[in-house]
Number of protein chains: 2
Amino acid sequence: MNAEQQKYDVFQAIADPSRRKVLQLLSNKNQSIAELASHFDISRTAVVKHINILAEAGLISGKKQGKEKIYELQPESLKELKDWLAYFEQFWHNKLTKFKYVVENDTLNNK
Amino acid sequence: MNAEQQKYDVFQAIADPSRRKVLQLLSNKNQSIAELASHFDISRTAVVKHINILAEAGLISGKKQGKEKIYELQPESLKELKDWLAYFEQFWHNKLTKFKYVVENDTLNNK
DNA sequence: TTGACATAACACCATTTGGTTATATATAAT
DNA sequence: ATTATATATAACCAAATGGTGTTATGTCAA
């Protein structure tokens, strides 16, 4: 029962521009490693490493089809990010509200 | 006119757990470097590095007050992340919809 | 002015990261 | 069976990252 230490989480996975590009490409259509790699200037091996990191974070999944391995976006794993963001959006909106208040009451402050 | 190459963007800034913790602490209240650092096991110097990265990404800002430097959350900078996420949520919901469709039409498939 | 305190600036280090090339394995097609 | 294609795996490397400790610098208080 290997404890399966997940080395990469969603936050780390999306930190790299190449990995975000992979997600974007897969959002357009499911595709093989070769097809994905064709959109990058870096080596196929390098792209595969990014793919593995994304898969480890649960953001994509791949299944072998003949000699190809077709990858698919798994966007549900972004929920963790969404929840994290939602917490901070609360403060974001509060701040905007406060700003709005200050502006609307500007003349009152010029006593 | 130094081109001010921004080394850290929002995606990278939030990738590190310590930095997310700094954001969380600042969401609670504005505070000095010393106070922030008191919540970590790592050295003050290390915390300062994280703070600088967050500031560079525009997620926080600090102003000198006497001998202290008080930092404040700048949540508007999370908009970039929010927009990025919104794009993928579209696929997320589509997928859930598709799944719902399959379930609801399950008996039809058992021909 | 001396001491205490908060932050800033350095120099240094181990590990991780993002990349490379080379080699092996599995599947398809001739 | 042979060859071409797609992916997998391994060994390697430079640079970035996250951490350390030490040494300035600025500010408040006695």
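Below, chain A is the first sequence line, B the second, and so on; all start at residue 1.
In this structure, the NZ atom of B:Lys67 is 7 Å from the C1' atom of D:dT27, given to the nearest Å. A:Glu68 places its CD atom 14 Å from the C1' atom of D:dA4, with the value rounded to the nearest Å. Here D:dT5 presents its C1' atom at 15 Å from CD of A:Glu35, a figure rounded to the nearest Å. As a whole-Å value, the separation of B:Glu56 CD from D:dA16 P is 13 Å. The interatomic distance linking B:Lys7 (NZ) with D:dA16 (P) rounds to 6 Å, in whole Å. If you take CD of A:Gln31 and C1' of D:dT7, they are 16 Å apart, rounded to a whole angstrom. Nucleotide D:dG26 holds its C1' atom 13 Å from the CD1 atom of B:Ile33, rounded to whole Å. One can place NZ of A:Lys21 at 11 Å from P of C:dG19, the figure rounded to the nearest angstrom.
At a threshold of 4.5 Å between side-chain heavy atoms, the hydrophobic network of Ile, Leu, Val, Met, Phe, Trp and Tyr places B:Ile70 and B:Leu36 in two separate groups.
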Original post:
Step by step, would you call B:Leu73 with A:Phe88 a side chain to side chain contact (heavy atoms under 4.5 Å, CB included)?
Top reply: CA-CA 10 Å; B:Leu73 188 66; A:Phe88 286 100; 3.9 Å; yes
**OP:** Would you check, one step at a time, whether the test side chain to side chain contact (heavy atoms under 4.5 Å, CB included) holds for B:Leu78 with A:Trp84?
**Re:** CA-CA 11 Å; B:Leu78 290 171; A:Trp84 184 86; 3.9 Å; yes
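An OP1 or OP2 oxygen of D:dA16 is reached within less than 4.0 angstrom by no side-chain nitrogen or oxygen of B:Tyr8. Look at A:Gln12 and you won't find any side-chain N or O under 4.0 angstrom from OP1 or OP2 of C:dT16. Contact between the side-chain N/O atoms of B:Ser43 and the OP1/OP2 oxygens of D:dT20 is found at a separation under 4.0 Å. Contact check, B:Lys49 against C:dA8: no side-chain N or O comes under 4.0 Å of OP1 or OP2. Residue B:Lys64 places no side-chain N or O under 4.0 Å from the OP1 or OP2 atom of C:dA6. A:His50 has no side-chain polar atom (N or O) that falls below the 4.0 Å cut-off from OP1 or OP2 of C:dT17. Under 4.0 angstrom from either OP1 or OP2 of C:dA8 there lies no side-chain N or O belonging to B:Arg44. Using a 4.0 Å cut-off, no side-chain N or O of A:Lys69 falls inside it from OP1 or OP2 of C:dA26.
Residues B:Lys79 and B:Asp83 are in side-chain contact: their nearest non-hydrogen atoms beyond the backbone lie under 4.5 Å apart.
In this structure, the nucleotide among D:dG19, D:dT7, C:dT21 sitting nearest to the side chain of A:Thr45 is C:dT21. Closest to the side chain of A:Ile53, out of C:dT7, C:dG19, C:dG18, is C:dG18.
Toward the 5′ end of DNA chain C lies the nearest nucleotide of B:Asn52, the other residue of the pair A:Gln65 and B:Asn52 mapping further downstream.
Heavy atoms of A:Ala46 sit under 4.0 angstrom from at least one base atom.
Put simply, the side chain of B:Ser32 never gets that close to the backbone of B:Glu68: no donor and acceptor are under 3.5 Å apart.
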